[in-house]
Amino acid sequence: MNGDSNTKVLLVKRPGTGMPDASLFKIVEEPIPEPADGQFVVKNVYLSLDPAMRGWMNDVKSYIAPVKLGDVMRGQTVGQVIASKNPKFRVGDLVSGIGGWQKYAVADGKRGGWEKLVPGFAPTLFLGVLGGTGITAYFGLLRVGLPKAGETVLVSGAAGAVGSVVGQIAKIKGCRVVGIAGSDEKCKWLVDELGFDAVVNYKGKSADQLNDEIRQACPKGVDVFFDNVGGDILDVALKRIRKGARIVICGAISQYNAAQTKGPANYLSLLVHSARMEGFVLFDYIPEYPLAIRELGQWVKEGKLKYAEEVVEGLERAPEYLNMLFTGANKGKLIVKLADEPAQFAQARL
């Protein structure tokens, strides 16, 4: 195609305990692929980094197969079709799918969730509020949490890409929303910019202190707890639930790098309060993605749903950037820029 090459980040080693590091990966340069019949080639422009990637590195049974050693690390991208032998995807189309940690991806449109971008939005939104994180928040809260107007919704990891959308949807639905976050700056953003009713900063707090602060922030108790963190925060939140509460298990970022996962000691609160705790995965709702994207997009256009993005540069530094999610160093949805934007990206925003 041209003199450029395809930079790829391969997973070559399984992580142990603790945060992943660069030794798990190998960076290789290969020729840009050519499409076979039915295929198309995407030049990836942006790559999403997500906490779930930590689990995909482990060779364990989960909701999705682990990344095989020697394969390109899995990840969602947005980019532009640059070559095609597939009539449904034309050269120039802007698309999103599981393009992986690489500059160019070959796809067939049947696997990897490849979809054309809806015009009228910044393409990066399809990695965040209109992509996997926003859709996760939408179905996790509305289908599993089942919030009702006037109820109290507590969200852990509230300043994260998923949690921040959960809280805003809960406000749209007429709930009182309390967030748990890890810095005064993030707590201020949640209240001042996103409209949360109250926040709790968990950093440096004992379980008893956290329990007291959640009690003060949720004086009537918690009707819906949307958990992205697990560990001690989940345990404390279970003390504060009301009768008929719904606990939504979306993630457990505090446990992903631990040697042994810590389960809740206060699970009997579910019995005492006739409550329900339920996990879910995004793929449960694939047929309904267009519904979620339409409604999320409408809220964005109306100014009811705000978002924050942190765009960093350099595919080679993706392993380093990933750990920002576990230290809380990122400020918003974490996205890696892989290439300069084509002109069509600006046009897509119109």
Side-chain angles (χ1 to χ4, degrees), residues 1-10 27-50 53 71-135 161 289-290 293-294 296-297 300-301 307 309-318 321 332-350:
M1 292 180 185
N2 56 45
D4 197 4
S5 63
N6 186 17
T7 304
K8 306 169 74 170
V9 180
L10 311 181
I27 299 172
V28 299
E29 298 286 341
E30 296 182 356
I32 298 174
E34 296 280 352
D37 288 343
Q39 295 181 333
F40 55 97
V41 176
V42 178
K43 182 176 183 179
N44 293 322
V45 179
Y46 291 104
L47 165 69
S48 172
L49 293 182
D50 302 283
M53 290 174 171
D71 280 2
V72 172
M73 183 61 200
R74 182 183 295 137
Q76 186 182 10
T77 60
V78 291
Q80 184 176 37
V81 177
I82 61 166
S84 180
K85 292 184 179 180
N86 184 316
K88 295 182 180 179
F89 293 87
R90 299 179 298 177
V91 172
D93 284 346
L94 304 185
V95 295
S96 175
I98 306 301
W101 291 24
Q102 56 186 342
K103 289 188 176 180
Y104 295 87
V106 177
D108 59 13
K110 297 177 183 178
R111 296 176 291 272
W114 289 97
E115 298 286 347
K116 296 178 185 178
L117 302 190
V118 178
F121 299 97
T124 53
L125 294 193
F126 294 91
L127 298 177
V129 70
L130 300 183
T133 51
I135 297 172
Y289 283 6
I293 293 171
R294 283 197 302 272
L296 290 164
V300 169
K301 288 182 176 179
Y307 56 90
E309 297 177 336
E310 180 165 359
V311 178
V312 293
E313 296 198 26
L315 176 60
E316 297 82 357
R317 296 183 65 188
Y321 293 139
K333 173 63 187 178
L334 189 57
I335 297 170
V336 183
K337 184 178 181 181
L338 308 182
D340 291 336
E341 290 190 0
Q344 289 87 341
F345 270 48
Q347 295 170 7
R349 295 180 170 91
L350 302 178

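Checking side-chain atoms of Q76 against main-chain N and O of I98 turns up no donor-acceptor pair under 3.5 Å. Proximity of a side-chain donor or acceptor of E313 to a complementary backbone N or O of A339 within less than 3.5 Å is not detected. Between the side chain of N86 and the backbone N or O of D108, at least one donor-acceptor pair lies under 3.5 Å.
Looking at every heavy atom in both residues, V9 comes nearest to I27 through CG2-CG1, 4.2 Å. Smallest separation of non-hydrogen atoms from V78 and L117: CG1-CD2, 4.3 Å. Of all heavy-atom pairs spanning D340 and V45, the tightest one is O-CG1, 4.2 Å. Of all heavy-atom pairs spanning G100 and L47, the tightest one is O-CD1, 3.9 Å. Of all heavy-atom pairs between K85 and A36, the closest is CB-O, 3.5 Å. The two residues A105 and W114 come nearest to each other via the heavy atoms CB-CZ2, 4.4 Å.
Note that CD1 of I335 is 4.0 Å distant from CD of E309, once rounded to the nearest 0.5 Å. Taken to the nearest 0.5 Å, the CG atom of N6 stands 9.0 Å off from the CG atom of L315. Here the straight-line distance linking atom CH2 of W101 with atom CE of M53 works out to 6.0 Å at 0.5 Å rounding. Note that CD1 of I82 and CD1 of I32 are 5.5 Å apart. Values are rounded to the nearest 0.5 Å. For the atom pair CG of L130 and CG of L125, the computed distance is 5.0 Å after rounding to the nearest 0.5 Å. In this structure, the separation between CD on E310 and OH on Y321 is 9.5 Å, given to the nearest 0.5 Å.
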For this session: Could you please spell out the steps behind the side chain to side chain donor-acceptor pair (under 3.5 Å) verdict for T7 and Q102?
Result: CA-CA 6 Å; T7 304; Q102 56 186 342; over 6 Å; no
Problem set entry | Test side chain to side chain donor-acceptor pair (under 3.5 Å) applied to K333 and S48, step by step | CA-CA 8 Å; K333 173 63 187 178; S48 172; 2.6 Å; yes
For this session: Go through the steps to decide whether E341 and Y46 satisfy the test side chain to side chain donor-acceptor pair (under 3.5 Å), and finish with yes or no.
Result: CA-CA 9 Å; E341 290 190 0; Y46 291 104; 2.5 Å; yes
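More than 12 heavy atoms of other residues, nucleotides or ligands sit less than 6.0 Å from atom NZ of K116.
Residue pairs meeting the ring-ring contact (aromatic ring centres under 6.0 Å, His included) criterion with at least one partner in residues 75-100, sequence neighbours excluded, are F40-F89.
Side chain to side chain, S96 and E115 fail the donor-acceptor criterion of an N or O pair below 3.5 Å.
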